[in-house]
Amino acid sequence: MAYAYLFKYIIIGDTGVGKSCLLLQFTDKRFQPVHDLTIGVEFGARMITIDGKQIKLQIWDTAGQEAFRSITRSYYRGAAGALLVYDITRRETFNHLTTWLEDARQHSNSNMVIMLIGNKSDLESRREVKKEEGEAFAREHGLVFMETSAKTAANVEEAFINTAKEIYEKIQEGVFDINNEANGIKIGPQHSTAGAGGAGGAGAGGAPPGGCC
Amino acid sequence: MNFLKSGIKTVLGAPEPGQQPSVAETVERLVERASNSTLLEDRRDACRALKALSRKYRLEVGAQGLDTLRQILELDRADNETINYALDTLNNVVSPSQFEDEEDKPHIPMNIGDQFTEMFIKDPHNIQLILDLLDEYDFRVRLSAVQFLISLLTNRTKDIQEIILDKPMGVSKMMDLLGDTREVIRNETLLLLIKLTKGNANIQKIVAFENAFDRLFEIVSSEGYSDGGIIVEDCLLLMLNLLKNNSSNINFFKEGSYIQKMLPMFNIPEESEEIGWSPQKVSNLHCMLQLVRTLVSPSNSAQIISNCQKIMKNVGLLDAMCNILMASGVPADILTETINSVGEVVRGEGSNQEFIGNVIAPSYPPRPAIIVLLMSMVNEKQPFPLRCAVLYCFQCYLSHNEMSQANLVQTLLPSSSDVALLMLLSQWMSHCPAAVSAFLQVPGGVGYLVNQTSSNEHDDNECLLQGLSAFLLAICINFNDDSVASYTRDSLKQLLLKRVGMELFCAKLGEVSRHELYNKAAKHPQLRVASPKEVLIDYEFCRLFKSLESVLGHSLAERRANGAEADEAELEQYKALIRQQDARLHELVHQLDALAGQARELQSTLNDSLAANSLLKDENTLLKAQVSANSIPIQPKPTQPDPKLVQYEERMLQLNGEVFRLNEEVTRLNGEVDRLNGELKTAKDAEKNSAEELEKLKKDQDDLLYLLANYDSKTNEYKMRLLQLGEPVEDDEPAEEDNPT
């Protein structure tokens, strides 16, 4: 149960792109072809390892429907990472990315890592959005990009873990103020007692205390 | 009051003598001033005066001043004092409680605060105004804004919740206030959040997301856990709001390792006996126990319950709760609630049940805690709710615990018409053939039940008793493994048919679910009754009954219709048939195997023979060639080894066959010869006939030749005579005609 860091994620994107299925695949390693509409927000969690450190991911899976948009917005501020998901077989979900991104940038802290995800890569025959288009969009907006399949689990682990790596690097670089829990990052119990000095000893980790000055 | 009056005088100026203005007029002038004065000081004074009036004359102030006050919140944000007066005035106007000053004004409607709230929130932007004021650091403004929101929420919980959900960062802003270092604000914020989160899952989730549990446990810890003041209770009440019926938050609570953080709450210091428990400590612990029960509530999903139960045992929470059970000086209501909680923490979870089964009470001699609890359950001097709690805990201990069920059922005998005992027996014996078997071995057990079932008393509770007896009998039949010879399934059924009759039996079974107490008890797991007299049926039993009623009734009815024995016989018949077919199948398979083996053997023998045969043929050819070359008669071969002999025999058989074939050919050819001879004879006969014909024809020819010769000579004679007579004769061919003659 002990962890070095805890990261909070949110999953956002149009309704029906597979957000809940991505979460289920990541936390439970299973796929549910028929999934109820998410009402409001649902919670899931899993432990991963990065750089030999245990990292706890707490993930809030949001409702994609417009009616829940204002509820969803309440979750941007406290998240360290966001998975912005579209469906490669439905172009309109790709077209809405700009709106989602604007919303996220407006309400989140500026350091939030956003991973762009083109989901349903198993449905190649019904593809409407080329992989290159996703890559181009990500490049243009400074996002990390991946195509995944919640059904076959292709790239699902990678999507969540790469996002965590990005956050972890930002912590090492001292970009995140890890003492402010509103950033969606928490230091684990064994770190907070004895670890503050230890983290400082780990080279770049010395930056966060500097940020306090 | 004097100060107040003079205050109003200074604002409004001295009233004209003899003409006291009415309250409505005064308020109107104050509102006008607050709205239109160009000087900030004037507006501030007007607000101060309105605030002073608002407790006694809220109808007038609210009716005329609501809009103006709202306007001031927007336009005078720079002046904290004015804002503070405006907020306080508004808060008084919408206050859900009645002020002392109002007591002599019976004409003011009870729900006046509610009505003003409705007017205020008609424009949702007004709520945004208040939320914006939460950003103001000034102590008075911030506190007033929080209090005003509390009043609004109290009056119109659902409406305000929806409005706040719609405002980005609305909930987050309130959560930020929880970190305010000024305790008064932090404490008011707790009250605000308790109101805000009531019954709204979406807000509950956002509050949890905003690190509420961390903040709350920090506060609880800094206040000294269960020894802390009412703030600890408020924190726990907020946590309860966040978790109740919210599986996403329960999951978050569990995943966030917050269950571990509950542990220090249950550490009861040794010396507590001497100090005694303060009412606040009782309240705090009560809330903490509620928190435990919310996590493992039977209404949660099975997975969540089981996960939480395991964690609670592993982190020592269950142990700590057991320590409270065993401690002395614990107030009765806390003890009762702890027993209920322990029950739900172990309910259906094997290892936890085992754990409390092994807890030893600090008594002399040491006895298992479960036994000590049961002893207090049957002790009528103990408080009734405590006894109910022990019963519930005990049921939880036995739930899905077959081992303990079987152990315990052996110690019980239906010796009195005790409904609870029958229910306990039903619980233990259902789905547990071992327990049924143990019960059936108890002398007089079945007889008692049959007597009860067939009795015909019509008292309300007697009916229930009869129904329960019938139910227990049905269980004895359904979960019978036929291990007790005198009471097998069939013999029990026969007994019922004879002694009770199926119609009556089913009717009695149906009595139970029609009973009033059954329907009351079916609603909630824990006993909720006022007096011991009403404790006849409990929730667990209702569930069990519901799940088994149709199964039992149906199976009994079906057996009755078809005749159980016919079924059995038919079944036996089919079984025999299947066995028979199975044996036959085995036999055939064996045969097939044997035959296949034989075929393989023969095939190899045949191959050998063919090889040998061709070898012999070659040899034979060679010998023949030698014979013809040397003209040496073949010496009869000396005794040959068996295979050769066999070969010769075979050859002989072959030749015999040839001979036979040739004989047949000969016969056929002889036949042919006979046929040909016949033909020849016919031909010879025909030849003879032809010869005779020829002979006859030759003779005819001779005759004709002779006639012809005669005729010729005559002709020549006539020719001569004609010539002599000088008659020309046409002589074309007469000479020639002579030639052939």
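Every chain is numbered from 1 and lettered A, B, ... according to where its sequence line falls, protein lines coming before strand lines. Both backbone and side-chain heavy atoms feed into the values below; hydrogens, waters and symmetry mates do not. No experiment lies behind these values; they were computed from the predicted model shown.
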query: chain B heavy atoms under 4.5 Å from A:E42: which part of the residue, side chain, backbone, both or neither?
result: both
statement: Within residues 214-227 of chain B, contacts to chain A at heavy-atom distances under 4.5 Å involve B:D214, B:R215
- line: Among residues 181-202 of chain B, residues within the sub-4.5 Å heavy-atom range of chain A, in order of number, are B:N202
query: Got a donor-acceptor contact below 3.5 angstrom from the A:N111 side chain to the A:F176 backbone?
result: no
- prompt: Between A:K29 and A:E157, is the closest basic N to carboxylate O distance under 4.0 Å?
  reply: yes
A:D61 and A:S20: CA distance, side-chain angles, deciding distance, side-chain hydrogen bond (donor to acceptor under 3.5 Å, both in side chains) verdict: CA-CA 6 Å; A:D61 164 35; A:S20 300; 2.6 Å; yes
message: Looking only at heavy atoms and a cut-off of under 4.5 Å, which of A:K186, A:R77, A:R73, A:R69 has the most pairs with chain B?
response: A:R77
- request: May I ask you to name which of B:D166, B:I203, B:I206, B:N251 has the most heavy-atom pairs under 4.5 Å with chain A?
  value: B:I206
field: A:K8 NZ/CZ over B:F209 ring centroid, <6.0 Å and within 45° of normal
entry: yes
Verdict with reasoning, A:K165 to A:D51, per salt bridge (charged side-chain N to carboxylate O under 4.0 Å, His left out): CA-CA 9 Å; A:K165 279 183 184 158; A:D51 200 13; over 6 Å; no
message: Just by distance, no angles: are the side chains of B:D132 and B:Q128 close enough, under 3.5 Å, to form a donor-acceptor pair?
response: yes
- request: Would you mind checking which part of B:N249 comes under 4.5 Å of any heavy atom in chain A, side chain (CB onward), backbone (N, CA, C, O), both or neither?
  value: neither
message: Is it the case that the side chains of A:T15 and A:Q65 hold a donor-acceptor pair, with the cut-off being a distance below 3.5 Å and no angle test?
response: no
field: Salt-bridge contact B:R142-B:D180 (side-chain N to carboxylate O under 4.0 Å)
entry: yes
message: Can you tell me how far apart CG (A:L143) and CD (A:E166) are? Round to the nearest 0.5 Å.
response: 10.0 Å
Flag if over 12 foreign heavy atoms under 6.0 Å of NZ, A:K151: no
message: Under a plain distance cut-off of 3.5 Å, with no hydrogens placed, do B:S306 and B:K310 share a side-chain donor-acceptor pair?
response: yes
message: Testing the 3.5 Å rule here: is there a donor-acceptor pair between the side chains of B:S248 and B:N246?
response: no
message: Strictly less than 4.5 Å between heavy atoms, which residues of residues 146-155 of chain B line up against chain A? Please order them by number.
response: none
field: Leading residue by heavy atom contact count with chain B [cutoff under 4.5 Å; candidates A:S74, A:A45, A:G40]
entry: A:S74
query: Based on non-hydrogen pairs under 4.5 Å, which of A:G44, A:A79, A:G78, A:G184 is most in contact with chain B?
result: A:G78
- prompt: Hey, are B:E162 and B:K158 close enough for a salt bridge, meaning a charged N less than 4.0 Å from a carboxylate O?
  reply: no
- prompt: Just how far is it from atom CZ of B:F252 to atom CH2 of A:W60, taken to the nearest 0.5 Å?
  reply: 4.0 Å
- prompt: Excluding sequence neighbours, so at least two apart, what forms salt bridge (Lys or Arg N to Asp or Glu O under 4.0 Å) with A:K19?
  reply: none
- prompt: Using non-hydrogen atoms only, which part of A:I39 is less than 4.5 Å away from chain B: side chain, backbone, both, or neither?
  reply: backbone
query: Cation-pi between B:R70 and B:F120: NZ/CZ under 6.0 Å from ring centre and within 45° of the ring axis?
result: no
